[in-house]
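All chains are named by letter (A, B, ...) in the order of the sequence lines, taking the proteins before the strands, and each is independently numbered beginning at 1.
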Amino acid sequence: MKNNFDFERIWESKRALRRRLATAPIIEKLRMLDALHERAVAIRGARFREATAVREKPGRYGDRKEKTS
Amino acid sequence: MLNQIEHDGVIKRYAIGGAVGATFYLEPVSTLDVDVFIAFKPQQESIIVSPAPIFDYLKRFGCKMEGDYIVISGWPVQFLPASGPLLEDALDNAVEVDVEGVPARVLTAEYLAAVALQTGRAKDKAHVLQFIEAQALDRTKFAEIVERHQLVDRWRDFQRQFVE
């Protein structure tokens, strides 16, 4: 095993994985999404970092204008 | 369930958007909720738009409320009125996808990217980049949407910042 990292090879394998996942059957992707959701909920439950976490504002869909006055 | 709400006339039309919608075109991305864009029937549009009829309907099927969300099959679902020309257009042009024999209506990749471009948070920009990297967009259709909905400047800024 080489003791240096071949980043180009690593990026390419990541790209290949993403391509494979993107073209997977939708039902398989939805199952993965379920698993990711469960994990995200579990991580969100660990709220000890809450006070220092940088948060983004919730999204505003549509093109309604902010009130300026 | 979404098809049932539409069939029973509680809403006029629905389409899945956000990260779950994007999963139909890209690799799955972790998300906490499901965004469902909806249009109401004409007689409902004249009054203040309220999600109450949807919630009341779903509660009859045992769905529970969690803040602004209603939980369907373990997922917090947020119903968002398709307000504004872009979202109305996106909903009108949403496509039906077969999920193991069940039809699901989803925004097209081009509209998902355009809505993300318009919304403009960091994670929305990341979604736009994902669509570009995955070559999931029909460039011609996307350019038409960008032009039709006055997103040309945003798109130019985005390209300058992330693509060029």
Practice task
Select all residues of residues 25-32 of chain B having any heavy atom within less than 4.5 Å of some heavy atom of chain A, and report them by number, or 'none'.
Solution key: B/Y25, B/L26, B/E27, B/P28, B/V29, B/S30, B/T31, B/L32
Handout entry: Least distance between heavy atoms, B/Q118 atom then B/L86 atom
Key = OE1-CD2, 3.6 Å
Handout entry: B/A136 portion near chain A, given a 4.5 angstrom heavy-atom threshold
Key = neither
Practice task
Pick one of side chain, backbone, both or neither for A/L33, based on which atoms fall under 4.5 Å of a heavy atom in chain B.
Solution key: both
Problem - Side chain / backbone / both / neither for A/R18 at chain B, heavy atoms under 4.5 Å - result: both
Handout entry: B/W155-B/F142 aromatic ring centre distance below 6.0 Å
Key = yes
Problem - Among the listed options B/W75, B/F24, B/F37, the residue most often paired with chain A at heavy-atom distances under 4.5 Å - result: B/W75
Practice task
Look at B/V20, B/T119, B/D124 and state which one has the largest set of heavy-atom pairs under 4.5 Å with chain A.
Solution key: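 If we count pairs closer than 4.5 Å to chain A, B/T119 comes out on top.
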Exercise for the section: Could you tell me whether A/R15 and A/E12 have a side-chain N and a carboxylate O separated by less than 4.0 Å? Expected result: yes
Handout entry: Heavy-atom pairs under 4.5 Å with chain B, option from A/T23, A/D34, A/V41 with the top count
Key =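 The option with the most such pairs is A/D34.
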Practice task
Count the heavy atoms of every other residue, nucleotide or ligand shown that sit under 6.0 Å from CD of B/E133, and state whether that count exceeds 12.
Solution key: yes
Handout entry: Any B/D68 side-chain heavy atom under 4.5 Å of B/F55 side chain
Key =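 Answer no - side chains too far apart.
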Exercise for the section: Measure from the side-chain N and O atoms of B/R105 to the backbone N and O of B/Y14, and report whether any donor-acceptor pair falls under 3.5 Å. Expected result: yes
Handout entry: Test item: B/N93 side-chain N/O and B/L107 main-chain N/O as donor-acceptor pair under 3.5 Å
Key =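 Answer holds: no.
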Practice task
Determine whether the side chains of B/D8 and B/Q4 contain a donor N or O and an acceptor N or O closer than 3.5 Å.
Solution key: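 Their side chains do contain a donor-acceptor pair, which is all the 3.5 Å distance test asks for.
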Practice task
Give me the other members of the hydrophobic cluster that A/M32 sits in, counting Ile, Leu, Val, Met, Phe, Trp and Tyr linked by side-chain heavy atoms under 4.5 Å, directly or via other members.
Solution key: A/L17, A/L21
